[in-house]
Amino acid sequence: MPDTAMLQRLRDTLGEAGVLTDPERLAPYLVDHRDLVRGKAPAVLRPSSVAQVQAIMRLAAEYRVGIVPQAGNTSYCAGATPDASGGQFVLSLERLDKVREVDPLDAAISVDSGVILQRAQEAAAAAGLYLPLSLGSEGSCRIGGVIGTNAGGLSVLRYGMTRDLVLGLEVVLADGTLVSDMKKLRKNNTGYDIRQNFIGAEGTLGVVTGAVLKLIPVPLRRATAWVELAAGAPLPEMLALVRRESSDLVSSFEFITARSLALVAGADGRLKSGSGGVILVELSSSSQHLPIEELLEGVMGEVVEAGWAEDVIIAQTEAQRADMWRIRETIPEGEKHFGGSVKHDISVPLGRTVDFLAAGGAAVAAYDPALELSVYGHVGDGNLHYNVLVPPGEDRLAFTDRIGRELAPALYDIAIGMGGTFSAEHGVGRLKRGLLQHYADPGRYRVLRGIKGLFDPHGVMNPGAMVDPAEGLIAD
Ligand code: MLT
Ligand code: ZN
């Protein structure tokens, strides 16, 4: 349990507004986004400056108390929820919310890590540029969490994951040291790339307090098609054709099965599923001179000719395009409304997506043919959200636990056997820590532990997430 003296020193440093202890105000910080894990904390710390984050970490190091950094609290893997001991503090980034600078000539934006993603997108747009990170949770997730989880989303195929977009980073280490590397450089060969360690580290190595992100010209023109797939359509070949024939202007290539589509309330009846599901494909361009609509029509003609589509609808208006995207983006909400799902965020090499769908389907049918799947996702990145719907009447938590023990290992074995992974874009957090230990190459796992021990020798940074602190400790 944290010392009362520590709590008093935190109050002296952060002021009353910076230390929440009222149980009602604490509650939302103590449960994960999917309501799977509930923790306890003596207080939620809300620093309003980088210096205050440093002061918190110095105290945490002195008292050997765990700090759980939390940004928008939208982790899918309980990466930002304290444990049930009541001995770990939550460090909320929400008051670090300044957009520091948008630089049009360097095409970069510098932000505090508590800035909500959508606000960063708007600040970039106000400067005539575009932040190519597009996530379902963009209205509430914060940059610190996006970086901590190396978030992916809907346009990774064209612009990469978060780690590809981070030019500079500012981090407070476990002992309070500030590592300030907020450079906007595209080239900088001056030693080890320390920055990449913190991206995707889920706050287990330090607290990210600021970042410089890459911007691009605004994709003013978009051409979007809803492809009703024929049964057995070869998605990898289709992706390759669409990329090649569009001169690689594909920004999204999303897969939706009929069952996922049916979960979306008010889906436009004209936007149906084919026998093989749906591909939502979008080309985008910043140029007024490039006829991408014609390009898409030509490419879709080839897809139909190849026999891969039963029908293709090309969005004729912005409203129709928005409707296609609304359907795709509200599938997670549809699952929740149905009663929940057990999520498997797998990815396999691009050429194996159809193989995974077949093998995964067989594994589920062998386990229990009555189970229903909601499968959709970023098939253009080899990433499928392979979700098992909670059967009506079943207890969600008990079902999640059972599937996690009895079915998920078979699905993950299939993905990993194909050269894939058990976590494509949702992270490891507390939920998948055991999977990381089980599936990681032993040499790689040793390095992970070594990195953890190096940056966090006393195990105070987000203990319980990703790598077990006890395993990563370097002896005092
Ligand atoms: C998505 O792609 O919609 C999310 O990453 C998946 C989810 O919410 O389950
Ligand atoms: Zn996703």
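Note that the numbering runs from 1 along the sequence shown for the chain. Being a predicted model, the structure only gives us computed values, none of them experimental. Every heavy atom of this structure was used, including side-chain atoms; hydrogens, water molecules and symmetry mates were not. Counting starts at 1 for both ligands and their atoms, in listed order.
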Just wondering, is there an N, O or S atom on Asp345 that's nearer than 2.8 Å to the Zn ion (ligand 2)?
-> no
Do the non-hydrogen side-chain atoms of His385 and Glu425 ever get within less than 4.5 Å of each other?
-> yes
What atoms in ligand 1 come closer than 4.0 Å to a heavy atom of His378?
-> 2 (O)
For atom 8 (O) of ligand 1, grab the closest protein heavy atom and report residue, atom and distance to one decimal in Å.
-> Tyr76 OH, 2.2 Å
Do we get Arg259 above Phe338's six-membered ring, with its NZ or CZ under 6.0 Å from the centre and within 45° of the axis?
-> yes
Judging by distance only, is a nitrogen or oxygen of Glu425 under 3.5 angstrom from one on ligand 1?
-> yes
For the pair Arg119 and Glu122, evaluate salt bridge (Lys or Arg N to Asp or Glu O under 4.0 Å) and give the outcome as yes or no after the intermediate values.
-> CA-CA 5 Å; Arg119 252 193 79 217; Glu122 287 163 3; over 6 Å; no
Examine the side chains of Glu335 and Ser341 and answer whether a donor and an acceptor come within less than 3.5 Å of each other.
-> yes
So which of the N, O or S atoms of Glu425 lies nearest the Zn ion (ligand 2)?
-> OE2
Using a 4.0 Å heavy-atom cut-off, say whether Lys343 meets ligand 1 through its side chain, its backbone, both or neither.
-> side chain
Determine whether the side chain, the backbone, both or neither of Glu333 has a heavy atom under 4.0 Å from any heavy atom of ligand 1.
-> neither
Is ligand 1 less than 4.0 angstrom away from at least one heavy atom of His426?
-> yes
If you measure only the distance, is there a donor-acceptor pair under 3.5 Å linking the side chains of Ser260 and Thr257?
-> yes
Of the choices Arg328, Glu335, Glu329, which has the non-hydrogen atom that lies closest to atom 3 (O) of ligand 1?
-> Arg328
Look at His378 and state whether any of its N, O or S atoms is less than 2.8 Å from the Zn ion (ligand 2).
-> yes
Just one of Tyr376, Phe255, Phe356 clears the ring-ring contact (aromatic ring centres under 6.0 Å, His included) bar with Tyr386, so which one?
-> Phe356
Distance-only side-chain donor-acceptor flag, Asn383 / Asp345, under 3.5 Å | yes
